[in-house]
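Below, chains carry the letters A, B, ... as their sequence lines are ordered, and counting in each starts from 1.
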Number of protein chains: 2
Amino acid sequence: MKKSYQLSASVEDYIEAILNLADEAGCARSKDVAAKLGVARSSVTGALQLLREKGLADHEPYGGITLTPQGQAAARAVVRKHEVLASFFQDVLGIKKDRAQQAACRAEHALGTEIIGKLVDFIDYVAASHQNGWDVAHEFRQFCRRRPARSKE
Amino acid sequence: MKKSYQLSASVEDYIEAILNLADEAGCARSKDVAAKLGVARSSVTGALQLLREKGLADHEPYGGITLTPQGQAAARAVVRKHEVLASFFQDVLGIKKDRAQQAACRAEHALGTEIIGKLVDFIDYVAASHQNGWDVAHEFRQFCRRRPARSKE
DNA sequence: TGACAAAGTTAGGGGCGCCTAACTATACTG
DNA sequence: CAGTATAGTTAGGCGCCCCTAACTTTGTCA
């Protein structure tokens, strides 16, 4: 029986940053987490305390930060949401890359696995349509060109 | 020059509830806002104070709640986001109505007008595809049937 | 009209998440 | 090894948003 913890957006941000840093730099340092999230170093210290209490991350004072298996799983789920959303915004809706990334960051905490799963399917469907000679994304872009856009953040 | 205030999710929830109640019942009462949002009555009092400071709503103590023109505009923007998202989740992705509504509630605060505008376009495109004899939503459902679903919240 | 119920408010408190300032531990360099 | 820069922590505080409990105002009805 696995408890599906409801993680706060903040906690999700932290574990996502830690996972990304670990992938990029091999090891996540508190300082870099602070820089990546744009928060004070002391905020990271506080968050790490919480992450340890939740069993998501380990770190001894002045040591490196490591995600527990549970923390890794949670982090990968967040990263996956982020990637799926960014891909949908960019590849299907035609949003510019950096804006798609930003929007994905904000939205990734709000959507559950059902919607994300469906979005994966949808992205795959759009990709498959491309190979069948009927490119949905392309058609949509054509469609947009024929009508005034409302876009603007 | 119109300042695009960054409203907190909480403030958006309140003005959305007030607008909905005003549309449904003709007049928004504090008690009903509390019930709709599932918060204590005193929380509504506090929120109303904030809404007045922000120029979004008026209400004299023990009186009815009314949105200012600015508040109405903000509320309608939130409602629109909600409706667009719910429609996309339900009509395009095929999510069940109540789950689509829930997800829209959670996501509506995270997405800006650019993405919402594109979603409107996309929904329209899907509808138009239907009339052209190539129903994207239907095709997608077929596509899903041919592969295992990952859905589950 | 007087009493009671319902609606609204005030007062006080708590959690979360962030900040700055000051302190401590570690690392680097001459 | 001293001395300084850097990383990390602690302490204290603030804003937001919620709560409960108690109080005030309003509405209703015999």
> Starting at OH of A/Tyr62 and ending at P of D/dA5, how long is that distance when rounded to a whole Å?
Replying inline: 18 Å
>> Taking side chain to side chain donor-acceptor pair (under 3.5 Å) as the cut-off, I'd like each qualifying pair that reaches into residues 26-47 of chain A, sequence neighbours left out, listed once.
In response: A/Glu24-A/Lys36
> For B/Ala47, what residues pass the side chain to side chain contact (heavy atoms under 4.5 Å, CB included) criterion, not counting sequence neighbours?
Replying inline: B/Tyr14
> Could you state the CG-C1' distance from B/Leu50 to D/dC17, rounded to the nearest angstrom?
Replying inline: 10 Å
> Taking only residues two or more places apart in sequence, or in another chain, which ones meet A/Glu12 in a side-chain hydrogen bond (donor to acceptor under 3.5 Å, both in side chains)?
Replying inline: A/His109
> Any side chain to side chain donor-acceptor pair (under 3.5 Å) pairs touching residues 125-134 of chain A, not counting sequence neighbours?
Replying inline: A/His130-A/Asp135
>> B/Arg52: which residues meet the side chain to side chain contact (heavy atoms under 4.5 Å, CB included) condition with it, sequence neighbours left out?
In response: B/His59
I'd like a table of atom pairs between the protein and nucleotides 18-20 of chain D - only N or O on both sides, under 3.5 Å - with the distance next to each one.
| from | atom 1 | to | atom 2 | distance (Å) |
| --- | --- | --- | --- | --- |
| D/dC18 | OP2 | B/Tyr14 | OH | 3.1 |
| D/dC19 | OP2 | B/Ala40 | N | 2.6 |
| D/dC19 | OP2 | B/Ser43 | OG | 2.8 |
| D/dT20 | O4 | B/Ser42 | OG | 2.7 |

> Atom CD1 in B/Ile95, atom CD in B/Gln102: separation rounded to 0.5 Å?
Replying inline: 11.0 Å
>> Strictly by ring-ring contact (aromatic ring centres under 6.0 Å, His included), give each pair with a member in residues 66-107 of chain B just once, sequence neighbours left out.
In response: A/Phe88-B/Phe88
>> Holding to ring-ring contact (aromatic ring centres under 6.0 Å, His included), I want the full list of residues that pass it with B/Tyr62, two or more places apart in sequence or in another chain.
In response: none
> Which residue pairs satisfy the salt bridge (Lys or Arg N to Asp or Glu O under 4.0 Å) criterion with at least one member in residues 56-79 of chain A, sequence neighbours excluded?
Replying inline: none
> From the 5' end of DNA chain C to its 3' end, which nucleotides mark the outer limits of contact with chain B, defined by a 4.0 Å heavy-atom distance cut-off (strictly under)?
Replying inline: C/dA7 to C/dT10
> Which residues, if any, of residues 15-33 of chain B bring a heavy atom under 4.0 Å of DNA chain C?
Replying inline: B/Arg29, B/Ser30, B/Lys31
> Toward the 5' end of DNA chain C, which comes first, B/Gly46 or A/Ser8, by nearest nucleotide?
Replying inline: B/Gly46
> Tell me, which pairs form a side chain to side chain donor-acceptor pair (under 3.5 Å) where one or both residues lie in residues 83-92 of chain A, sequence neighbours left out?
Replying inline: A/Ser87-A/Asp91
